[in-house]
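Chain naming here is simple, since letters A, B, ... match the order of the sequence lines and numbering starts at 1 in each.
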2 protein chains.
Amino acid sequence: MKSFSSAFVLDSQNQMPAPDTDSASSLRRALKLLRILSQGDPEGLRLKDIAETAGCSQPTAHRMLQDLAAEGFAEQAAGKRYRLALDFYVLAARAGQASGLRDAARPALLRLSATLSDTIFLLVRNGFDAVCLDRVEGPFPIRSFTGDIGGKVPLGLGQGSLAILANLPEDEQEAVIRFNIPRLLDRGFLDEASLRSALALARAQGWVNTSTGLIPGMAGVGVPVLDAQGRAVAALSVGTLAERLNADRLPHVVKILQSEAQALAGKLNPFDVALRYPSRSLSTIGGS
Amino acid sequence: MKSFSSAFVLDSQNQMPAPDTDSASSLRRALKLLRILSQGDPEGLRLKDIAETAGCSQPTAHRMLQDLAAEGFAEQAAGKRYRLALDFYVLAARAGQASGLRDAARPALLRLSATLSDTIFLLVRNGFDAVCLDRVEGPFPIRSFTGDIGGKVPLGLGQGSLAILANLPEDEQEAVIRFNIPRLLDRGFLDEASLRSALALARAQGWVNTSTGLIPGMAGVGVPVLDAQGRAVAALSVGTLAERLNADRLPHVVKILQSEAQALAGKLNPFDVALRYPSRSLSTIGGS
DNA sequence: ATGATGAATTCCATTATCCTGAATTTATCT
DNA sequence: AGATAAATTCAGGATAATGGAATTCATCAT
């Protein structure tokens with residue numbers, strides 16, 4: 001296997017959602033269209049609305065969308081509506097950091113799923129969110145925040161997501177908490193105090209147990225995947241029915257999750273080259 | 001559920017790989033960079049090489065990559081190398097056509113996987129390829145052409161891919177065959193004659209059985225998902241160990257695959273609105 | 001460890017390219 | 001089928017992208 005060097009470490013210095021400069025380059029304006037499409041109706045958006053949302057004229061939006069379509073990033077569905085095209089799947093499959101980690105983790109996911117007979121998630125941090133990179137379904141029907149591959153949750157919501165947040169450097173953790181508190185409240189859960197105590201517990205014991213009933217009948221366990229400096233770069237988690245995580249089974253689940261997480265961490269940091277890339281302070285992220 | 005109208009139908013009029021106009025807009029040149037990144041080393045590509053491949057100056061490539069990075073589409077790994085970033089996963093999860101079909105098909109995949117205890121694939125056509133939109137793992141270790149979600153195979157290679165190609169309109173099928181023959185030979189398999197006879201058989205019986213030993217020890221069954229006009233828009237397929245597809249089990253597998261495929265087709269074409277969008281002839285696709 | 005090579009990044013004047021507003025075509029609704 | 005609204009095309013003026021040259025940075029060899 002090719003060495004991953006410290007790639008995953010560097011990537012945890014994630015950018016802000018968007019250093020929203022009003023006067024971005026034309027390329028950046030065009031890329032924003034893709035984001036607009038991704039957030040709109042999956043059936044597609046009307047040119048007029050796209051232009052309005054993007055804050056540009058209709059002909060401009062039209063030309064950009066034509067270019068995006070010509071390159072396979074967007075497409076026009078029935079009714080002339082624009083939406084994202086299939087090529088994102090193809091590109092996502094080859095996204096460097098992600099595909100490397102996913103390939104490295106897949107055997108672990110399969111083992112876990114086979115052993116536990118439950119649904120297993122692989123999450124990575126991306127800015128203020130955790131993104132589901134892979135998931136292997138168990139035989140039991142599951143509801144999760146993360147949803148499918150590519151699904152996003154604010155850091156702090158859900159097993160794996162909490163496990164990651166709990167194991168970030170303190171300054172980053174603080175910044176994420178400040179940013180995410182309103183989003184968490186928005187989703188109907190967790191005041192700041194209970195979040196902080198959950199984080200303290202998670203960090204202390206090295207794993208997260210969500211039998212909190214945030215999703216009725218569901219429960220889960222999440223463990224962080226740590227780099228050489230003990231920073232969380234990813235998380236493995238189990239989502240299952242609450243009744244399947246009783247006091248008997250929980251320790252067992254935690255144990256084998258942790259052992260897979262440690263093995264994975266070992267694969268990702270074959271040498272401690274990571275030390276050569278000291279973490280920039282959060283204040284420099286997304287600056288100007 | 002919201003009606004899908006004829007969205008999936010329209011999308012089968014897929015564009016050529018790239019109407020390679022030398023003087024494309026600056027946006028299209030920038031988007032090509034993403035493709036270059038996706039095809040290069042997952043660890044990342046050097047600016048110099050990117051610029052060279054793209055045929056633009058180094059400063060230009062640099063500026064575009066900075067913009068791509070600022071919007072979360074690319075990132076710089078260790079050693080300054082550029083690669084695709086995580087946001088592709090997030091966007092792929094919300095790509096209209098794809099996510100609609102995937103959501104519609106997921107219950108079927110889960111049922112099939114549970115019933116058959118094998119790995120189930122959902123494939124859709126994209127140009128001259130079949131793309132894996134979703135896959136649910138069975139307990140047996142599988143090797144497939146398609147690989148993971150987002151994986152691509154030339155139409156004609158593998159169960160589901162063959163099932164799609166076999167059920168395209170004749171002129172499109174012919175165009176795809178002509179384009180793909182070299183690619184298929186490249187991958188070491190199938191002369192044109194055996195491809196054509198396999199297609200005829202597939203179309204006649206409505207399903208594909210690959211126990212051909214193309215991948216040693218592997219076998220599979222694929223069935224097309226047809227739209228109102230009988231054109232293939234997707235395929236469901238099973239990949240398993242050859243020994244698990246014996247004469248006893250095969251008819252059973254085919255039967256339940258077909259029944260799920262028909263149910264899925266019904267979901268996708270609630271009304272026959274599709275007829276309102278007659279298919280353009282292939283010759284107009286990618287013209288000029 | 002230090003110097004030399006090559007890459008990455010910044011700067012700036014030139015010029016190609018993009019943007020706005022108006023006109024035309026196409027789709028949608030009554 | 002007519003009317004309305006959206007989508008698309010078109011053209012000149014203005015902005016923003018481009019590539020050569022210079023600088024900073026990283027990497028390699030000695």
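Once rounded to the nearest 0.5 Å, the distance linking CD of Glu172(A) with CG of Leu155(A) reads 10.0 Å.
Rounded to whole Å, the distance from CG on Asp67(A) to P on dT8(D) is 13 Å. Taking atom CZ on Arg63(B) and atom P on dC18(C), their separation rounds to 11 Å, with Å as the unit. Rounded to whole Å, the distance from CZ on Arg29(A) to P on dT15(D) is 12 Å. Atom CG of Leu45(A) is separated from atom P of dA7(D) by 10 Å (rounded to the nearest Å). Rounded to whole Å, atom C1' of dA23(C) lies 15 Å from atom NE2 of His62(A). In this structure, CZ of Arg28(A) is placed 18 Å from C1' of dC18(C), rounded to the nearest angstrom. For the pair Gln58(A) CD and dT25(C) P, the interatomic distance rounds to 18 Å; values are reported in whole Å. Between the P atom of dT8(D) and the CG atom of Leu65(A) lies a distance of 9 Å, rounded to the nearest Å.
The nearest heavy atom of DNA chain D to Asp49(A) and to Ser26(A) marks one nucleotide each, and the one closer to the 5' end goes with Asp49(A). In terms of position on DNA chain D, the residue among Leu27(A) and Leu47(A) whose nearest nucleotide sits closer to the 5' end is Leu47(A).
Side chain of Pro59(A), nearest nucleotide from dA21(D), dA26(D), dG21(C): dG21(C). The listed nucleotides are dA17(D), dT8(D), dC18(C); the one nearest the side chain of Ser25(B) is dC18(C).
Ring planes of Phe128(B) and Phe179(B): parallel class, angle under 30° (limits at 30 and 60°).
With contacts defined as side-chain heavy-atom distances shorter than 4.5 Å, the pair Asn126(A)/Tyr89(B) does not qualify.
Between Gln76(A) and dT8(D) there is a side-chain N or O to OP1 or OP2 distance below 4.0 Å. Contact check, Lys48(A) against dA6(D): a side-chain N or O comes under 4.0 Å of OP1 or OP2. Between dT8(D) and Tyr82(A), a contact under 4.0 Å exists linking OP1 or OP2 to a side-chain N or O. Listed pair Thr60(B) / dA17(D) fails the phosphate criterion, with no side-chain N or O lying under 4.0 Å from OP1 or OP2.
Residue contacts shown for Arg46(B) are limited to sugar-phosphate atoms, with no base heavy atom under 4.0 Å away.
Side-chain contact check for His62(A) and Gln58(A): no donor-acceptor pair (N or O, by modelled atom type) lies under 3.5 Å.
Atom CD of Glu52(A) has 12 or fewer heavy atoms from other residues, nucleotides or ligands within 6.0 Å.
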